[in-house]
Visitor: 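Quick one: structure below, then a few questions.
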Amino acid sequence: MRKIVKSVLLFVSLWLVACSDSGEEVVFARFDKNGYQFSPASLQGTIDYLSTMEPLSVRIMSVDKDLNPVDTIDLPIDSSDHWERKAFDLTSQDVRYPVLKIVTTFKDGEKSKKEFSQYYRLNGSHYSISLNIHMSLVAARVEYLVREENFDFSAANDSALNELNEIFKVYAKTIGYSSGNNNVDFENLMPYIFCKHEVSDSAFYENYKKVRESFAKNGFVESAIMVDAADTWLSTFKRVESGVKGKLSYASISRDTAVGIKAFESGFFGLAYGMHFPTQYPDSVQIKCKSSAYDGKYFIYDTYDNGGFDSHWRLKDSLEDSIGICIFETRSIVMYKGDEYLCREESNIWEKNVSQKELLSGYYQDCGTYYEDGSVIFVRDSLYLCECEKSGSCVWNDKYAGKEITEKDTLVYAKALDIKASRKLGQCYSSGYGDRKIFDSLYVQCIGRSWTKIDSLTYYLNRCTKDRVTGKHLGVYYGCRDFADYGAGDTVWTEIPAPVYRNVICDEKSLKKVEEDNGDYFICESKKVEGSDDVKYKWRKLDSAEAIPPVVNMETCEVHLKKMYDGVVYKCYYGVWSVAKDEELLPFEKEGELCSEQNYWALKEYEGQYYLCERDFNHWEKLDAHSAARYVYRDSIGTCDTLSKKTIIWNEKAAEFWGCITKNNGPTWGVVTMNAIMNDTIPSYFDKNKFSGGTIVNDSIYKVAVDEYEFWFRKISNDRFGLYRVDISGITYSAYFSRDNLFIRGKQGTESVPLNLIENKSDGFDAFYTDWKTRSKDNSECGTLKAEVDDATVFAYNFSEGTYMDLEHARQYCPEGFHIPTQSEISKAHISYIDNVSPIMWSYEMDGGENCPGDSAAYNILWTSDEKDSKTQICLEYVHFFGRSGYKKSEAYSHEYFVDCPKDLYPMVQTLCIKDR
């Protein structure tokens with residue numbers, strides 16, 4: 001801890017007063033404790049900041065012992081000539097304390113201001129002072145020592161001046177009390193560098209406050225601030241024209257250049273970076289300062305001196321980091337990234353791609369002195385010959401300069417190549433084919449005492465001769481002379497496939513054969529000779545995409561065949577193997593379950609879907625719902641030969657019924673049709689799934705409960721069932737489906753009864769029966785003949801007690817959910833001539849003279865719900881003739897039409913019910 005003598009300066013003012021006419025006291029003088037008069041005070045000064053800083057005002061404050069302002073005096077700026085500096089003047093002003101704080105305000109941009117303060121102690125009647133940046137830093141330190149460490153002003157001021165001198169090596173006390181800072185010595189400008197004045201006003205003032213605060217608290221400026229300031233100033237240095245051609249100087253280029261802050265100052269950078277710039281045998285010095293952006297960079301010493309301005313030291317630039325330094329005493333030529341750089345002697349500039357002439361004069365020495373007559377040099381691959389006359393005058397012959405010397409210029413090219421090679425490889429001596437060398441990316445061989453260009457393969461394999469027609473280099477096989485099919489010539493080496501090198505035959509028998517050599521694969525292929533029917537067989541190297549396992553293993557490529565190797569699936573398509581894409585594979589194929597010869601016709605179930613391995617296409621065929629159903633039921637219910645109870649199931653996906661049927665190989669699952677006649681199946685308003693799960697009785701009847709009905713289907717054939725019965729609320733009805741409708745009627749009888757023997761005929765029967773016989777006679781027309789209806793030949797077929805009924809009973813007969821059909825509805829009923837009905841049968845004989853032997857006819861007469869009048873209802877009459885002579889012969893065997901029926905008609909009319917929709 002610094003030991004100092006602390007004293008408190010008591011500003012005991014001795015003052016003389018008098019009374020004015022107004023009664024106020026007037027101060028004539030003030031004296032400090034040492035007896036020095038300090039008031040009234042007169043003070044003159046100059047503003048010695050940078051000339052580029054524009055002062056606005058000066059404010060003087062008298063301060064107490066703690067440096068607290070007591071009085072304030074604002075002074076104008078005097079712009080008159082004061083050695084080209086601004087000035088101010090304080091004349092005979094009363095101040096209460098001998099220490100003054102002087103604040104100078106400067107313009108900071110368009111709208112802002114910046115202030116710089118310094119202190120001054122009065123100890124006489126007339127004073128002169130310099131306001132400068134050094135004393136503003138001293139002021140901050142003085143304030144800290146007085147207020148924080150209880151220094152008196154004088155001790156604090158002396159201590160701060162000494163500390164400042166340690167940093168800037170300038171006697172700030174002298175500056176503060178003398179005629180000002182009229183020179184531009186670097187010590188006087190250094191604070192501006194510390195504060196980054198070269199950047200901008202705003203940067204300068206912000207950094208000034210950091211420097212001031214650091215110095216105030218520490219008595220020195222922190223290293224980080226110094227390094228940052230050095231980095232900033234160093235970034236402004238550029239290599240600039242010196243005024244001498246070929247020579248550059250090193251200077252700061254910033255807004256402070258005009259005020260003299262431009263020369264490289266090794267002392268400053270040494271102070272900031274903690275480094276030493278040697279003065280004896282200077283060469284280069286490295287920046288070793290981790291906190292610097294330039295850490296690791298080099299300063300180099302250039303011997304060029306431009307008359308005192310240049311310090312010789314400069315930062316090594318990025319180009320010199322790559323190709324080396326160019327300073328005043330070097331001579332060098334460097335190729336870098338395709339460009340040529342020349343550093344001339346007595347120059348410190350790398351010149352890029354100079355002219356041939358400049359290169360000759362700037363780098364190569366004169367022809368006839370260093371180089372003798374006939375000497376050859378190459379400048380940028382241009383040949384120059386040193387030619388001397390008898391007089392001794394020698395010049396570089398530029399006949400070939402800038403020209404490419406090709407092998408067509410046989411003599412020149414060979415000579416040039418030999419000379420260049422000889423200079424680098426040495427002279428060539430050989431009576432035959434000697435050494436082979438690489439020279440400037442060229443391959444050369446010593447042939448007959450000269451270096452001669454050869455190709456790369458000749459270099460590695462030697463020359464092609466009748467005894468040397470194959471060779472191997474870097475794992476590649478080459479051939480010449482005997483291998484014209486592969487592009488070889490008598491003296492030209494060309495790459496040949498490994499099997500060719502090993503004399504493996506490629507012919508028709510070995511077509512598609514694959515040979516391997518060190519991880520490379522070769523395939524034997526055929527190609528038709530152009531303009532001929534001949535076929536040529538050649539080995540070809542497979543590229544990496546072709547050399548896949550099925551190819552190299554010579555797998556037979558069949559349509560859609562797939563093979564897996566090491567978890568990768570390959571497919572054959574149009575005779576070519578390739579890697580199968582993920583989207584082309586089924587999930588289980590990715591796991592290796594492929595369709596191949598080993599599992600043709602195999603069945604595969606995956607997540608409820610079935611696939612069949614098809615032989616013709618070597619792939620898994622996804623089965624549709626119909627094709628898959630037999631396997632679904634086999635796996636979920638069981639095989640038909642093991643089931644004790646059989647049933648019928650509706651397959652929603654296939655939209656068909658399935659059950660056990662018999663085929664050549666025994667019972668199996670198959671499609672079952674549920675219709676008595678083609679296309680008349682379960683109506684659309686029924687949920688067909690409800691017809692599933694019934695019971696097959698005695699392998700002939702299928703019973704199933706659907707809602708409130710029980711349906712009975714009769715087995716018509718191996719795979720066909722037809723509806724014949726429905727039980728509703730305990731009553732059995734004959735039933736059938738027709739044209740998307742369900743029709744029911746009373747159960748058929750088993751007797752055939754003569755119609756005229758049926759009792760309880762209604763009142764309207766006779767008239768209707770008479771009309772019916774007339775219609776029947778007309779229907780029997782055959783040629784010119786018509787048959788008379790004999791009552792004894794008319795029978796009620798399949799008769800039972802409920803076969804016929806009048807309209808009133810018919811209306812009561814249909815169960816709930818059913819009704820007597822309308823004319824339109826009954827037309828949709830497929831009326832069978834015998835099945836599910838009880839027809840009136842009539843048989844007759846006719847004279848056979850006109851090929852009319854007679855016939856039998858079945859009549860079904862059915863009620864409709866359509867009324868003609870109060871006594872008459874519309875009926876459907878359906879007639880079917882069994883022989884060829886019936887019903888007008890030329891027309892259809894069956895016919896239906898509507899007739900008028902008395903509502904009380906009995907017998908003859910049957911009741912048919914249709915289900916409500």
Visitor: Looking at E340 and N353, would you say the former's side chain and the latter's main chain have a donor-acceptor pair under 3.5 Å?
Guide: no

Visitor: Checking Q445 now: which residues fulfil side-chain hydrogen bond (donor to acceptor under 3.5 Å, both in side chains) with it, not counting sequence neighbours?
Guide: none

Visitor: For K238, enumerate each residue passing the salt bridge (charged side-chain N to carboxylate O under 4.0 Å, His left out) test, keeping only those at least two apart in sequence or located in another chain.
Guide: none

Visitor: Could you work out, with disulfide bond (SG atoms under 2.5 Å apart) as the rule, every residue matching C195, not counting sequence neighbours?
Guide: none

Visitor: For F106, enumerate each residue passing the ring-ring contact (aromatic ring centres under 6.0 Å, His included) test, keeping only those at least two apart in sequence or located in another chain.
Guide: Y49, F116

Visitor: Once you round to the nearest 0.5 Å, how far does CG of L164 lie from CZ of F220?
Guide: 14.0 Å

Visitor: Excluding sequence neighbours, so at least two apart, what forms salt bridge (charged side-chain N to carboxylate O under 4.0 Å, His left out) with K297?
Guide: D321

Visitor: Between CE of M226 and OG of S292, what distance do you get to the nearest 0.5 Å?
Guide: 12.5 Å

Visitor: Does the D440 side chain pair with the main chain of L442, one donor and one acceptor, at a distance under 3.5 Å?
Guide: no

Visitor: Please name the pair of heavy atoms, one in L122 and one in A41, separated by the smallest distance, quoted to 0.1 Å.
Guide: CD1-CB, 3.7 Å

Visitor: How long is the gap from OG on S57 to CZ on F88, to the nearest 0.5 Å?
Guide: 11.5 Å

Visitor: Just by distance, do the side chain of R239 and the backbone of I349 share a donor-acceptor pair under 3.5 Å?
Guide: no

Visitor: How would you list, by chain and number, every residue that makes a ring-ring contact (aromatic ring centres under 6.0 Å, His included) with W233, sequence neighbours excluded?
Guide: F186, F237, F268, F269

Visitor: According to salt bridge (charged side-chain N to carboxylate O under 4.0 Å, His left out), who are the partners of E115, at least two apart in sequence or on a separate chain?
Guide: R59

Visitor: When rounded to the nearest 0.5 angstrom, what distance separates OG1 in T104 from CD in Q118?
Guide: 6.5 Å

Visitor: Without hydrogens or angle criteria, can the side chains of D256 and S254 be said to hold a donor-acceptor pair below 3.5 Å?
Guide: no

Visitor: Any chance the side chains of S112 and Y205 put a donor and an acceptor closer than 3.5 Å?
Guide: no

Visitor: Closer than 4.0 angstrom, basic N to acidic O: yes or no for K107 and D201?
Guide: no

Visitor: Identify the heavy atoms of D418 and S450 that sit nearest to each other, and give their distance.
Guide: OD1-CA, 3.7 Å

Visitor: Restricting to non-hydrogen atoms, name the atom on V99 and the atom on F153 that form the minimum distance, rounded to 0.1 Å.
Guide: CG1-CE1, 3.8 Å

Visitor: Are any side-chain N or O atoms of D231 and backbone N or O atoms of A293, one a donor and one an acceptor, separated by less than 3.5 Å?
Guide: yes

Visitor: What residues, two or more places apart in sequence or in another chain, satisfy side-chain hydrogen bond (donor to acceptor under 3.5 Å, both in side chains) together with K316?
Guide: none

Visitor: How about K209: does its NZ atom have over 12 heavy atoms from other parts shown lying under 6.0 Å from it?
Guide: yes

Visitor: Report yes or no: does S214 contribute a side-chain atom to a donor-acceptor pair with the main-chain N or O of E222 at less than 3.5 Å?
Guide: yes

Visitor: With sequence neighbours left out, what residues match S202 under side-chain hydrogen bond (donor to acceptor under 3.5 Å, both in side chains)?
Guide: S200

Visitor: So, using ring-ring contact (aromatic ring centres under 6.0 Å, His included) as the criterion, who are the partners of F277 when residues are at least two apart?
Guide: F299, W313

Visitor: With sequence neighbours left out, write down each residue that passes salt bridge (charged side-chain N to carboxylate O under 4.0 Å, His left out) with D455, or none if nothing qualifies.
Guide: none

Visitor: Using a 3.5 Å distance criterion without hydrogens, assess whether the side chain of E320 forms a donor-acceptor pair with backbone atoms of D317.
Guide: yes

Visitor: If I compare all heavy atoms of V199 with all of T232, which pair ends up nearest, and what's the gap?
Guide: CG2-CG2, 3.4 Å

Visitor: If the condition is side-chain hydrogen bond (donor to acceptor under 3.5 Å, both in side chains), which residues does E213 pass it with, not counting sequence neighbours?
Guide: K217

Visitor: Just by distance, do the side chain of Y192 and the backbone of L50 share a donor-acceptor pair under 3.5 Å?
Guide: yes

Visitor: When rounded to the nearest 0.5 angstrom, what distance separates OG in S117 from CE in M135?
Guide: 12.0 Å

Visitor: Between the main-chain N or O of D158 and the side-chain N or O of N162, is there a donor-acceptor pair closer than 3.5 Å?
Guide: yes

